[in-house]
Amino acid sequence: MSSVEKVTIPSLIKMKKKGKKIAMITAYDYPTALLVDRAGVDIVLVGDSLGMVVLGYESTIPVTLEDIIHHTKAVSRAVKRALVVADMPFLTFNVSIEETIRNAGRLIKEGGAEAVKLEGGEEVKHVVKALVDAGIPVMGHIGLTPQRIAMYGGYHVRGKSVTVAKKLIRDAKALDEAGVFSIVLELMTAEVAKIITEEVSVPTIGIGAGPYCDGQVLVFHDMLGLFERFTPRFVKKYANLSEIILNAVQEYVKEVKAGEFPSEEHSFYMKKQKYEKLLEALGKKQEEEEK
Ligand code: KIV
């Protein structure tokens, strides 16, 4: 059996120090997680983007803790090398510290995640600290945080004004002080992401935050062309799987309707003698011979 060098929180911190880039991607099921782990990603996130790209909701708001636990179980059964991080859905944290710790604990104990991610800056500093004190590693997430999309009024790039830029830098520093092991920077100007990356001790993982972050994350379905409702400008499409799947399924439908599938190659037959015996037993031998 070949041995894999497991990605750990200390190894991610070391990567930042050595200037080695971190590759993170989302996954929500067993076969996808097997593939992305085999492809060499460092972190697999069971993101609440699940709600939009897998469950068909309009936003991430309806996603429940049970949804994330269910999908994290599948992902953690597959992943051998990468660090598995599970997202904390809207209002499963920050209602009370006790409830936050209990919910995060379920993602680790039942889901099999190695860490949790939660959205927010200065305002969740006390929550992050409580989780870290309870022994639960936390990844922060600032910038355009989709759980607060209604407050921003849309998916606009953050950090274009000096006021917002300063607030984002304060958020990142607060999370660093609270003990996060990494911070996702979503949809913000590259300059602000660069300053944050230089000023915090932990790796920054960008998504629509330019090239200066310590690592990058993309949503699996976006980068493979599996989510067609919209594609943000920061997403690079590495493949168009929708087209491949559509063509394949259309071909299947055509062959079934034309009686071309299954062919001999995909069918199983009895030994001739046994078949004849069966026909005889059923009184059908005569009929068959007359055909
Ligand atoms: O839910 C998610 O997939 C995320 C990533 C976009 C970072 O939070």
Side-chain angles (χ1 to χ4, degrees), residues 12 21-29 32-33 36 41-65 67-72 74-75 79 82-94 104 107 111 113 115-121 124 128 137-149 152 155-158 168 171-172 175 180-188 193 196-197 202-210 213-224 226-227 229-238:
L12 290 169
K21 295 279 189 186
I22 297 165
M24 168 166 148
I25 198 166
T26 65
Y28 318 96
D29 60 48
T32 307
V36 299
V41 297
D42 302 302
I43 306 174
V44 178
L45 171 70
V46 186
D48 63 357
S49 49
L50 160 79
M52 297 169 81
V53 300
V54 175
L55 302 179
Y57 295 128
E58 285 294 320
S59 75
T60 60
I61 301 298
V63 175
T64 65
L65 189 71
D67 290 333
I68 298 282
I69 291 173
H70 177 73
H71 288 267
T72 305
V75 167
V79 173
L83 188 87
V84 176
V85 180
D87 234 345
M88 297 201 71
F90 184 57
L91 291 191
T92 62
F93 62 97
N94 218 10
L107 292 170
V116 300
K117 175 170 85 57
L118 56 87
E119 296 183 9
V124 294
V128 171
V138 181
M139 174 180 267
H141 183 165
I142 59 170
L144 192 288
T145 44
Q147 290 173 12
R148 290 168 192 236
I149 196 67
Y152 301 128
Y155 290 86
H156 310 302
V157 179
R158 314 258 304 139
L168 290 170
D171 283 339
L175 292 175
V180 295
F181 71 90
S182 175
I183 310 171
V184 169
L185 307 181
E186 180 162 355
L187 201 59
M188 66 175 70
I196 291 174
T197 301
V202 294
T204 57
I205 311 288
I207 174 161
C213 300
D214 298 306
Q216 297 293 326
V217 57
L218 282 177
V219 170
F220 181 87
H221 291 63
D222 287 343
M223 57 98 74
L224 293 174
L226 273 174
F227 184 66
R229 209 189 307 152
F230 67 89
T231 307
R233 180 160 85 80
F234 58 77
V235 172
K236 179 170 174 185
K237 265 197 191 176
Y238 286 83

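As the structure lists them, so they are numbered: ligands from 1, and atoms in each ligand from 1. Computed from a predicted model, the values in this text were never measured in an experiment.
- Counting all heavy atoms, side chain and backbone alike, V116 lies closest to V85 at C-CG1, 3.8 Å.
- Aromatic ring pairs are classed by plane angle as parallel below 30°, tilted from 30° to 60° and perpendicular above 60°; the pair F230 and Y155 is tilted.
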Contact table, ligand 1 N/O with protein N/O, distance under 3.5 Å:
unit_1: ligand 1; atom_1: 1 (O); unit_2: D48; atom_2: N; d: 3.1
unit_1: ligand 1; atom_1: 1 (O); unit_2: D48; atom_2: OD1; d: 3.0
unit_1: ligand 1; atom_1: 1 (O); unit_2: S49; atom_2: N; d: 3.0
unit_1: ligand 1; atom_1: 1 (O); unit_2: S49; atom_2: OG; d: 3.3
unit_1: ligand 1; atom_1: 1 (O); unit_2: D87; atom_2: OD2; d: 3.2
unit_1: ligand 1; atom_1: 3 (O); unit_2: S49; atom_2: OG; d: 2.5
unit_1: ligand 1; atom_1: 8 (O); unit_2: K117; atom_2: NZ; d: 2.9

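- Residue R229 qualifies as enclosed at atom CZ: its count of foreign heavy atoms under 6.0 Å is above 12.
- Checked against ring-ring contact (aromatic ring centres under 6.0 Å, His included), F90 has no partners two or more places apart in sequence or in another chain.
- Scanning all heavy atoms of the two residues, the minimum distance from V124 to E119 falls at CG1-O, 3.9 Å.
- Here the side chains of L107 and I69 are in contact, with some heavy-atom distance below 4.5 Å.
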